[in-house]
Amino acid sequence: MQDFLNDVFPNILDQQAFCRISIRLGASIILGGAMGWERQIEGKSAGVRTHMMVSLGAALFALTSLEINADTKELTKVIQGVAAGVGFLGAGAIIKVSSENEPKGLTTAAGIWMTAAIGLAVGAGLVWPAVIGVVMALLV
């Protein structure tokens with residue numbers, strides 16, 4: 001039965017992998033929530049839950065790449081793809097109000113982009129740089 005489970009779900013019985021993945025995904029949710037907290041207080045459309053989901057998704061992409069390959073070259077491709085993809089998500093947050101003739105939502109879009117970077121860092125195992133990034137982003 002163990003062989004079958006390992007074939008269908010690689011690393012499911014590996015307690016170290018389970019802990020590593022759980023801690024990284026949990027940290028990405030917490031740090032993403034910290035990024036979204038300020039946006040939520042300001043009453044912006046992309047709040048805590050949005051930022052948590054962006055961070056969790058980015059971390060899961062990084063973790064998936066590392067768990068399958070453990071190859072940093074492949075991880076850099078994932079990072080490039082997430083950075084470009086999240087750019088489209090951020091673009092959806094930017095609205096140009098024609099009566100005021102200025103764009104709205106640039107800070108929210110930048111926050112979403114930063115949150116994806118934080119999720120990628122955590123997913124790659126770089127928790128402290130992600131924590132420092134969140135602190136610095138909140139100071140900004």
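Computation of the quantities below employed the complete heavy-atom set of this structure, encompassing side-chain atoms and omitting hydrogens, waters and symmetry-equivalent molecules. Worth saying up front: this structure is predicted, and the values here are computed from it rather than measured.
A donor-acceptor contact shorter than 3.5 Å links the side chain of Q40 to the backbone of V48.
With sequence neighbours left out, I23 forms a side-chain contact (heavy atoms from CB on, under 4.5 Å) with no residue at all.
Within the structure, side chain to side chain donor-acceptor pair (under 3.5 Å) pairs that include any residue of residues 108-136 comprise R39-T108 (at least two apart or interchain).
V127 and I132 are members of different hydrophobic clusters when ILVMFWY side chains are connected at heavy-atom separations under 4.5 Å. Note: the hydrophobic cluster containing V54 does not contain L138 (ILVMFWY, side chain heavy atoms under 4.5 Å, direct or indirect links). Note: the hydrophobic cluster containing M114 also contains V131 (ILVMFWY, side chain heavy atoms under 4.5 Å, direct or indirect links).
At least one side-chain heavy atom of I21 sits less than 4.5 Å from a side-chain heavy atom of L25. Residues M35 and M52 are not in side-chain contact: their nearest non-hydrogen atoms beyond the backbone lie 4.5 Å or more apart.
The one candidate from L63, L126, I29 that meets the side-chain contact (heavy atoms from CB on, under 4.5 Å) condition with R24 is L63. For the side-chain contact (heavy atoms from CB on, under 4.5 Å) with H51, the lone residue among L31, L56, I112 that qualifies is I112.
Atoms CD1 and CZ, from I79 and F61 in turn, are 13.0 Å apart once rounded to the nearest 0.5 Å. A distance of 10.0 Å separates CE of M53 from CG of L60, quoted to the nearest 0.5 Å. Taking CG of L120 as the start and CD of Q80 as the end, the distance is 11.5 Å to the nearest 0.5 Å. For the atom pair OG1 (T64) and CG (L75), the distance works out to 11.0 Å, reported to the nearest 0.5 Å.
For the pair V78 and A62, the tightest heavy-atom approach, listed with the atom from each and the gap, is CG1-N, 4.1 Å. Nearest approach of G32 to S55, heavy atoms of both residues: CA-CB, 3.7 Å. Closest heavy-atom contact between A121 and A130: CB-CB, 4.1 Å.
Hydrophobic cluster membership for V140: none, as no Ile, Leu, Val, Met, Phe, Trp or Tyr side chain comes under 4.5 Å of it.
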